[in-house]
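Before any comments, here is the structure.
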Amino acid sequence: MTGHVSLLNQGHHSKQPTFNTLLFHAQQAQVTMERQHSYRGLLKIPGLFPLILAATLSRLAGRMFVLTLVLFVLAQFSSPALAGWLTFAAIVPGLVVSPVAGVLLDRVGPTIAVRIDMIASAVFIAAISFAGWEGWSSPPILFILVMLFSLSGPLGAAGTRTLLPRLVPPNTLDQANALDIAIYAIVDVVGPAMAGVVVTWLGPEAAMAMIAAGYAGAAICLSRVQRLPGLASTQTSFLRQTMEGIQLVSRQPTLRGLAVSYSLYTVTWGVFYVAVPVFVANHYATATDSLVTGILWAATGVAGGVGALFAGHVRTTGRERRVMAAGMLITAFAAWPLAAEFGFCGLAIGLMLAGVMSGPITVSLLTLRQRRTDPQQLGRVMSISISLNIAGFPLGSAIAGTAVTQSLLATFVLAGSASVVAAIATASIPPDTDRRPEVPLL
């Protein structure tokens, strides 16, 4: 009997985990969680990888298109004025119709809406290429094709960021946004450079054909993304839903605060785009100033991508307001005194610092906006908000164009001041009380 009890006790103790066993299992669990929360693990979510690939192709095509359009017009007509107006026509009509595009996103679903943009963009740009090769291109034809291209643009710009929160779990949303923004930053650097090389080697018509192929490839990638249905009611009139979207952004405290704060923040970048080339021209010979400016902006874009990936790694969910406000204050310091008062070295360090901060700021903006918006209204909110956010950039450039002729230092002070006011506006956004979307009385 004693021997039997001894055997039982021995068996019982043999099943008890040792400290080393517990430590091993804890380490394995930690590794598993890290893999699940890594960017590689994120891309295993069904539909996310083809969506990211489609977004990369379409954004690369879009960044190539802006420069290629200018080079195409200069080659065909030798008219800088026409090139400028066509660039205007490629952007502004899409901003004007963004509330309508948002309703379409909510009604037909983001997958179909983004695919419409990709297919339409491929068709219109292929038509520009064909017209150039056949000698049919004329200013009226180009204006029509470019404006049609612009009108579908908000579907793709807002559609991708409407799809993300419906594809990924809530606890990985900031990581998904970070990956999206990092790719956008890299494409922002690669796109214009690739356009310049292709136009130089093959001509603007071939470059247009390659851009059309990029949009077509994006449409094909989207066929691997699950078709998510529209959440908005089709019983309500299109016009009423358009007005509801505008009222929603203007009345909801979070959306209104983000629209104001981020628009002010982009004023800083609009000022940078004018002030930095002037600063560089004052320090370098004419033959090298463009090259130096290009290198600075390329490095700034890469820094923004790194900052976005870091923000996704450390997680910003629940802390978005603090991250945005802190990043904006650091950006203000980067503009003045760092970039303005410490020569070219200060300018380079200031731009890198502002670039790194742009990643966490934009990740936090997207995550907070997505968390606090009713999914049935997310398409309208994203489309309208993106257009409002973009508006700060040309405003900053316009103001800087006048200010820089008077004082370069004052121009950098203006850039810093815009980010300080943006940080104050961010701090006025209501903190989290719960995770439910805020729904104002319309």
Side-chain angles (χ1 to χ4, degrees), residues 63 66-67 70 80-81 83-85 87-88 90-92 95 185 188-189 192 259-286 288-301 303-304 324 327-358 361-362 365 386-426:
R63 290 296 289 130
V66 176
L67 179 57
V70 173
W85 280 110
T87 303
F88 179 88
I91 299 172
V92 174
L95 300 181
D188 207 39
V189 175
V260 172
S261 66
Y262 197 80
S263 297
L264 287 167
Y265 169 69
T266 56
V267 168
T268 298
W269 286 99
V271 173
F272 277 159
Y273 263 74
V274 173
V276 169
V278 174
F279 188 105
V280 173
N282 291 342
H283 287 75
Y284 287 88
T286 305
T288 59
D289 62 346
S290 296
L291 175 62
V292 173
T293 301
I295 292 172
L296 282 175
W297 283 122
T300 302
M324 288 182 66
M328 289 168 177
L329 290 175
I330 294 173
T331 301
F333 171 77
W336 184 86
L338 191 55
E341 302 283 6
F342 295 94
F344 180 79
C345 184
L347 176 71
I349 295 173
L351 281 178
M352 297 308 101
L353 183 58
V356 169
M357 288 297 103
S358 70
I361 290 171
T362 311
L365 165 82
I386 288 173
S387 297
L388 290 174
N389 293 155
I390 292 173
F393 185 91
L395 178 62
S397 296
I399 296 173
T402 302
V404 77
T405 60
Q406 304 298 321
S407 170
L408 184 59
L409 175 61
T411 306
F412 278 103
V413 171
L414 170 65
S417 301
S419 283
V420 170
V421 179
I424 296 172
T426 300

Can you tell me how far the [atom1] atom of [X] sits from the [atom2] atom of [Y], to the nearest 0.5 Å?
| X | Y | atom1 | atom2 | answer |
| --- | --- | --- | --- | --- |
| Gln406 | Thr411 | CD | OG1 | 9.0 Å |
| Ser419 | Ile361 | OG | CD1 | 7.0 Å |
| Asn389 | Ser263 | CG | OG | 4.5 Å |
| Ile330 | Leu338 | CD1 | CG | 11.5 Å |
| Leu395 | Thr266 | CG | OG1 | 8.5 Å |
| Ile349 | Phe344 | CD1 | CZ | 10.5 Å |

Within a strict 4.5 Å, meaning less than it, do heavy atoms of the [X] and [Y] side chains meet?
| X | Y | answer |
| --- | --- | --- |
| Val276 | Leu351 | yes |
| Leu409 | Glu341 | yes |
| Leu353 | Thr331 | no |
| Ser358 | Trp269 | yes |
| Phe272 | Val267 | no |
| Thr300 | Met352 | yes |
| Leu296 | Leu347 | yes |

Contact summary for [X] and [Y], nearest pair of heavy atoms:
| X | Y | result |
| --- | --- | --- |
| Ala422 | Leu264 | CB-CB, 3.8 Å |
| Gly401 | Val404 | O-CG1, 3.7 Å |
| Ala335 | Gly416 | CB-N, 3.7 Å |
| Ser261 | Thr426 | CB-OG1, 3.2 Å |
| Gly350 | Ala334 | O-CB, 3.3 Å |

With side chain to side chain contact (heavy atoms under 4.5 Å, CB included) as the test, would you mind laying out the steps for Met328 and Val420 before giving the verdict? CA-CA 7 Å; Met328 289 168 177; Val420 170; over 6 Å; no
Are the side chain of Ser397 and the backbone of Gly270 linked by a donor-acceptor contact shorter than 3.5 Å? yes
Tell me whether Thr268 contacts the main-chain N or O of Ala415 through its side chain, where contact means a donor paired with an acceptor under 3.5 Å. yes
May I ask you to decide if the ring planes of Tyr273 and Phe393 are parallel, tilted or perpendicular, using 30° and 60° as cut-offs? perpendicular
Could you label the plane-to-plane angle of the Tyr265 and Tyr262 rings as parallel, tilted or perpendicular, counting under 30° as parallel and over 60° as perpendicular? tilted
